[in-house]
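Everything quoted here is computed from the prediction, not taken from an experiment. Numbered from 1 within each chain, the chains take letters A, B, ... in sequence-line order.
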Number of protein chains: 2
Amino acid sequence: MNHMDWNAYAALCPTRQALDRIADKWTVLILGLLCDGPMRFNAIRRRVEGISQKVLSQTLKSLERDGLVVRTAYPTVPVTVEYAITPIGASLADTVTPLRRWAEENIESILRARRAYDQAEVQMADAAFNSPIQR
Amino acid sequence: MNHMDWNAYAALCPTRQALDRIADKWTVLILGLLCDGPMRFNAIRRRVEGISQKVLSQTLKSLERDGLVVRTAYPTVPVTVEYAITPIGASLADTVTPLRRWAEENIESILRARRAYDQAEVQMADAAFNSPIQR
DNA sequence: CCGCATCCTTACCGATACTG
DNA sequence: CAGTATCGGTAAGGATGCGG
């Protein structure tokens with residue numbers, strides 16, 4: 001069975017799990033950082049604003065488990081730990097970077113649509129309030 | 001302020017919210033479907049295996065709010081509702097499709113890495129059990 | 001410095017029932 | 001057909017403290 005037979009729309013397809021793993025808040029950001037070079041735990045923590053130590057730890061661990069990053073611990077005191085991206089991780093980063101760029105380029109349009117939508121919603125609510133008999 | 005000034009690594013940057021919205025399990029799949037043409041609610045529901053009616057409803061609503069899809073209701077009995085992708089939604093789908101493909105092409109490698117990792121883990125656990133004094 | 005363990009709160013999600 | 005409303009379980013995530 002080669003990869004042409006798979007489709008992420010099937011519930012049990014492992015591809016679905018892969019997608020789920022990729023599609024979390026932090027993976028995209030972390031991979032984006034690491035493809036510029038290896039980085040230490042707290043350095044990543046500082047760069048990715050808002051991530052907690054616990055969640056960063058979990059995320060890095062699962063990235064390592066999937067072979068997307070490698071963890072190297074140097075026996076210094078205190079211990080130094082470096083995370084680096086793997087070739088396969090880099091290939092993922094390549095496909096995921098455009099996504100981050102898209103978000104940066106299109107956020108204004110999204111915010112505009114959002115305001116328009118919310119405005120239309122309150123107007124509907126007002127109309128319903130002013131002529132409740134219509135309901 | 002143009003989009004060059006934004007970066008998703010800042011916690012308060014709206015780009016971050018955009019990324020969070022994109023990066024959920026279902027958005028990628030739904031956009032992928034809709035860029036082949038408009039589709040009705042239950043048709044989407046059937047194609048995206050495992051999604052509940054509630055979550056599909058929520059997801060479509062927020063996609064509409066962000067201007068990524070448009071909802072059209074035809075006054076038939078019973079009502080017919082069609083969801084179509086917008087130009088900006090299509091541009092997102094274009095950057096997100098490679099991601100789905102990446103998942104399909106690399107899942108085997110990921111599963112292999114995962115097995116290796118888990119195996120190494122139980123070996124560590126065994127070693128600890130067999131010579132607890134070492135810990 | 002780099003985590004893991006614990007507690008605790010919150011947000012998500014499925015199941016179910018009901019409307020137009 | 002295409003939803004909305006409500007309830008209850010579960011799992012994610014923040015806060016804190018400890019250990020190698």
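- Atom CZ of B/Arg47 is surrounded by 12 or fewer heavy atoms from other residues, nucleotides or ligands within 6.0 Å.
- In DNA chain D, the stems built from three or more successive Watson-Crick or G-U pairs (distances below 3.5 Å) are C:3-20 with D:1-18.
- For the pair A/Leu56 CG and C/dG3 C1', the computed distance is 10 Å after rounding to whole Å.
- At whole-Å resolution of the value, CG in A/Leu60 and P in C/dC1 are 16 Å apart.
- Although no hydrogens or angles enter the test, the distance criterion places no donor-acceptor pair under 3.5 Å between the side chain of B/Thr15 and the main chain of A/Glu104.
- Distances shown here put a side-chain N or O of A/Tyr83 below 4.0 Å from the OP1 or OP2 atom of C/dG3.
- In this structure, A/Asp20 places its CG atom 15 Å from C1' of D/dA12, rounding to the nearest Å.
- The side chain of A/Asn42 approaches C/dC1 more closely than any other nucleotide in the set C/dG3, C/dC13, C/dC1.
- B/Ser57 places no side-chain N or O within donor-acceptor distance of the main-chain N or O of B/Gln53, the cut-off being under 3.5 Å.
- Under the 3.5 Å distance criterion, the side-chain polar atoms of A/Arg65 are left unmatched by any main-chain donor or acceptor of B/Tyr117.
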Contact string for nucleotides 4-11 of chain C, one letter per nucleotide 5' to 3', B = base within protein heavy-atom range under 4.0 Å, S = sugar-phosphate only, - = neither, reads B-B-----
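- Toward the 5' end of DNA chain D, the nearer of the two residues A/Trp26 and A/Val79, judged by each one's closest nucleotide, is A/Trp26.
- Of the candidates D/dG3, C/dG3, C/dC1, the closest approach to any side-chain atom of A/Pro78 belongs to C/dC1.
- Residues A/Val70 and A/Tyr83 have side chains not in contact (no heavy-atom distance under 4.5 Å, counting atoms from C-beta outward).
- The nearest whole Å value for the distance from the CD atom in A/Glu82 to the P atom in C/dC1 is 15 Å.
- Atoms CD (B/Glu64) and C1' (D/dA2) sit 13 Å apart, rounded to a whole Å.
- Across the protein-nucleic acid pair, A/Leu63 atom CG and C/dG3 atom P stand 13 Å apart, rounded to whole Å.
- In this structure, CE of A/Met39 is placed 12 Å from P of C/dC2, rounded to the nearest angstrom.
- OP1 or OP2 of D/dG14 has at least one side-chain nitrogen or oxygen of A/Ser52 nearer than 4.0 Å.
- Scanning all heavy atoms of the two residues, the minimum distance from B/Ala18 to A/Ile110 falls at CB-CD1, 4.4 Å.
- The CD1-P distance, from A/Ile44 to C/dC2, rounds to 9 Å in whole Å.
- A/Glu49 contributes a side-chain N or O that, together with a main-chain N or O of B/Ala11, makes up a donor-acceptor pair within less than 3.5 Å.
- Phosphate contact (OP1/OP2 of D/dG3, side-chain N/O of B/Arg71, threshold under 4.0 Å): present.
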Using the side chain to side chain donor-acceptor pair (under 3.5 Å) rule, take B/Asn106 and B/Ser109 through it: C-alpha gap first, then chi angles, then the decisive distance, then the call. CA-CA 5 Å; B/Asn106 293 93; B/Ser109 167; 5.4 Å; no
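- Distance alone, capped at 3.5 Å, places no donor-acceptor pair between the B/Arg71 side chain and the B/Val81 backbone.
- A donor-acceptor pair is defined here as one N or O able to donate and one able to accept, closer than 3.5 Å; such a pair exists between the side chain of B/Ser62 and the backbone of B/Thr59.
- Look at B/Arg40 and you'll find a side-chain N or O under 4.0 angstrom from OP1 or OP2 of D/dA2.
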